[in-house]
Chemist: 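The structure is given below, and queries will be raised subsequently.
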Amino acid sequence: MGSELLCFKPGMVPPPPGEESQIILLPPGWQSYLSPQGRRYYVNTTTNETTWERPSSSSGIPASPGPHRSSLPPTVNGYHAAGTPAHPPETAHMSVRKSTGDSQNLGSSSPGKKQNKENTITINCVTFPHPDTMPEQQLLKPTEWSYCDYFWADKKDPQGNGTMAGFELLLQKQLKGKQMQKEMSEFIRERIKIEEEYAKNLAKLSQNSLAAQEEGSLGEAWAQVKKSLADEAEVHLKFSAKLHSEVEKPLMNFRENFKKDMKKCEHHITDLRKQLASRHAAVEKARKALTERQRDLEIKTQQLEIKLSNKTEEDIKKARRKSTQAGDDLMRCVDLYNQAQSKWFEEMVTTTLELERLEAERVEMIRQHLCQYTQLRHETDMFNQSTVEPVDQLLRKVDPAKDRELWVREHKTGNIRPVDMEI
């Protein structure tokens, strides 16, 4: 069989243990590797030619193939079976997060496929280093408990019904915060209703005619008590109006703006995740297509070894072209996937930081408006105190003797005692 020139561009990797003696016997520029099936193949590091046939030590031309040949080693996620990049290193997409920079490629079908699967974990179409095989990852904000560092993995449902993505957990917290803010505004609204109803009842009571005929200094004090109710009612009406304009309304307006910002973040990340899932599916589809093309090439190669014919040779050429095209398609899909994952990673960091900022802003805003509530409450208490001060002053002036004198002077009927009768 002639040499097979593939589109893959393998790089240099150390030979497997015990292969040094075989590497020495190869012509200059050639390296040997093992496929997942244990079959040896050769790579010319100068021309990037890949072949099953061992190059001749004299002329550099591959020797004749031996029997029992397997399929060519596939490239997965832009990597050869031996773990070497299938495209120049400069095309790789580096992650923003240094510790996960090697996780931008899907699991490789290399001779160490099982080991590679154990070293990586795929979550929602995104590949990460396995926690047990990687050192502690470098945090973007090592001195803070930041959202951008701790919500990359899934979280198991405490009831064992499934898992939830870290970003979904963040969204749930934000939605819960929005709900809490809504309930706080409803609480303030109920407080306003109480104040309004209380003011209405105070004003109504101040017009009550009970004990209106009380006279003297006590009567004046009583009249002031009733007037203080009207003044207090006015204070509570003003308090309720300020609660509405300075506490309840700002809470509601901020909640609406917060809702818009949340939807913007959620839709943006959702779109990126859909694109990432689509790229992931395309890689898997291209991987299967390459496997099928290589299997077809292997079958036709075996047929040629059994019976030589022009038709079989033509079929092999055609199968080889299809296999090469499938390899190109896989590499292109992997590049697109890497770009999508890199974009998603960057946007994930940006969005989680934005959610963190929104949450901090929400908490600070609520704190400020609750401080305003307590300030208004203190002011109301002071105004209420001022309404009873005139009552206190008049009560201190109440003088029963003086009241009796004034009443007697006004209502006396005479001061002459009756004369005893004589017999």
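Here the structure is a predicted model, which means the values were calculated and not measured.
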Chemist: With sequence neighbours excluded, what pairs up with F239 under the ring-ring contact (aromatic ring centres under 6.0 Å, His included) test?
Modeler: none

Chemist: Got a donor-acceptor contact below 3.5 angstrom from the S278 side chain to the K274 backbone?
Modeler: no

Chemist: With no hydrogens and no angle check, just 3.5 Å: does a side-chain donor-acceptor pair link E220 and Q224?
Modeler: no

Chemist: Go through it in stages, so that I can follow the logic: the residues are Q339 and D335, the test is side-chain hydrogen bond (donor to acceptor under 3.5 Å, both in side chains), and I'd like the CA-CA distance, side-chain angles, deciding distance and then a yes or no.
Modeler: CA-CA 6 Å; Q339 293 174 21; D335 285 340; 6.0 Å; no

Chemist: Tell me, do M184 and H369 make a side-chain contact under 4.5 Å, heavy atoms counted?
Modeler: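 Result no, sub-4.5 Å side-chain heavy-atom pair not found.
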
Chemist: Where the side chain of N201 meets the backbone of E197, is there a donor-acceptor pair that is under 3.5 Å apart?
Modeler: yes

Chemist: Centroid-to-centroid, Y337 to W344, below 6.0 Å?
Modeler: no

Chemist: Taking the side chain as every heavy atom from C-beta outward, state whether K173 and F151 have any pair of such atoms under 4.5 Å apart.
Modeler: no

Chemist: Give me the atom names and distance for the closest heavy-atom approach of Y147 to E356.
Modeler: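 Distance-wise, the nearest heavy atoms are N-OE1, 2.7 Å.
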
Chemist: Can E405 and R409 be counted as an ion pair, charged N to O under 4.0 angstrom?
Modeler: yes

Chemist: May I have all residue pairs that pass ring-ring contact (aromatic ring centres under 6.0 Å, His included) and include part of residues 179-214, sequence neighbours excluded?
Modeler: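 Every pair satisfying ring-ring contact (aromatic ring centres under 6.0 Å, His included) with a residue in residues 179-214: Y198-H236.
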
Chemist: Does a side-chain N-to-carboxylate-O contact under 4.0 Å join D231 and K227?
Modeler: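 Result for this pair is yes, salt bridge flagged.
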
Chemist: Any Lys/Arg nitrogen of E190 or K193 sitting under 4.0 Å from an Asp/Glu carboxylate oxygen of the other?
Modeler: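 Salt bridge between E190 and K193, a charged N being under 4.0 Å from a carboxylate O: yes.
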
Chemist: In plain terms, say whether D392 and R396 are close enough for a salt bridge, that is, a side-chain N and a carboxylate O under 4.0 Å apart.
Modeler: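 Salt bridge absent between D392 and R396.
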
Chemist: Taking atom CZ as the centre, does R404 end up with more than 12 heavy-atom neighbours from other residues, nucleotides or ligands that are less than 6.0 angstrom away?
Modeler: no

Chemist: Measuring only between side-chain heavy atoms, which start at C-beta, is E379 closer than 4.5 Å to M382?
Modeler: yes

Chemist: Assess the residue pair E359 and V363 against the criterion (side-chain contact (heavy atoms from CB on, under 4.5 Å)); give the C-alpha distance rounded to whole Å, side-chain angles, the decisive distance to 0.1 Å, and a yes or no.
Modeler: CA-CA 6 Å; E359 175 63 9; V363 172; 3.7 Å; yes

Chemist: Any side-chain heavy-atom pair from K318 and K322 closer than 4.5 angstrom?
Modeler: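 Side-chain contact under 4.5 Å: yes.
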
Chemist: Can you tell me how far apart CZ (R362) and CG (L251) are? Round to the nearest 0.5 Å.
Modeler: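 Those atoms lie 10.5 Å apart.
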
Chemist: Thinking salt bridges, do E298 and R295 make one under a 4.0 Å N-O criterion?
Modeler: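 No, this pair does not count.
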
Chemist: Is any side-chain heavy atom of I192 less than 4.5 Å from a side-chain heavy atom of I188?
Modeler: yes

Chemist: What is the minimum heavy-atom distance between P250 and H244, and which atoms define it?
Modeler: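 That closest heavy-atom pairing would be CD-O, 4.2 Å.
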
Chemist: Kindly compute the distance separating CG (L276) from CG (L336), expressed to the nearest 0.5 Å.
Modeler: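 Separation between the atoms: 11.5 Å.
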
Chemist: Would you compute the distance between atom NZ of K178 and atom CG of L171 and round it to the nearest 0.5 angstrom?
Modeler: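 It is 10.5 Å, given to the nearest 0.5 Å.
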
Chemist: If only atom types and distance count, is the side chain of D296 paired as donor or acceptor with the main-chain N or O of A319 below 3.5 Å?
Modeler: no

Chemist: Under 3.5 Å, is there a donor-acceptor pair between the side chain of S217 and the main chain of D399?
Modeler: yes

Chemist: Under 4.5 Å between any side-chain heavy atoms of L376 and E246, yes or no?
Modeler: yes

Chemist: I need the K285 NZ to L290 CG distance, nearest 0.5 Å.
Modeler: 14.5 Å

Chemist: Side chains of K238 and F383, heavy atoms from C-beta outward: is any pair under 4.5 Å?
Modeler: no

Chemist: If you look at every heavy atom in L26 and W30, which pair is closest and at what distance?
Modeler: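 For L26 versus W30, the nearest heavy atoms are CD1-O, 3.9 Å.
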
Chemist: How close do C333 and V283 get, heavy atom to heavy atom, and via which atoms?
Modeler: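 That closest heavy-atom pairing would be O-CG2, 3.4 Å.
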
Chemist: How about R377 and R191: do any of their side-chain heavy atoms sit closer than 4.5 Å?
Modeler: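 The answer is yes; the side chains approach within 4.5 Å.
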
Chemist: Taking T352 for its side chain and M348 for its backbone only, find out whether a donor-acceptor pair lies under 3.5 Å.
Modeler: yes

Chemist: Do the side chains of R367 and E364 get close enough for a salt bridge, i.e. N-O under 4.0 angstrom?
Modeler: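 Yes.
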
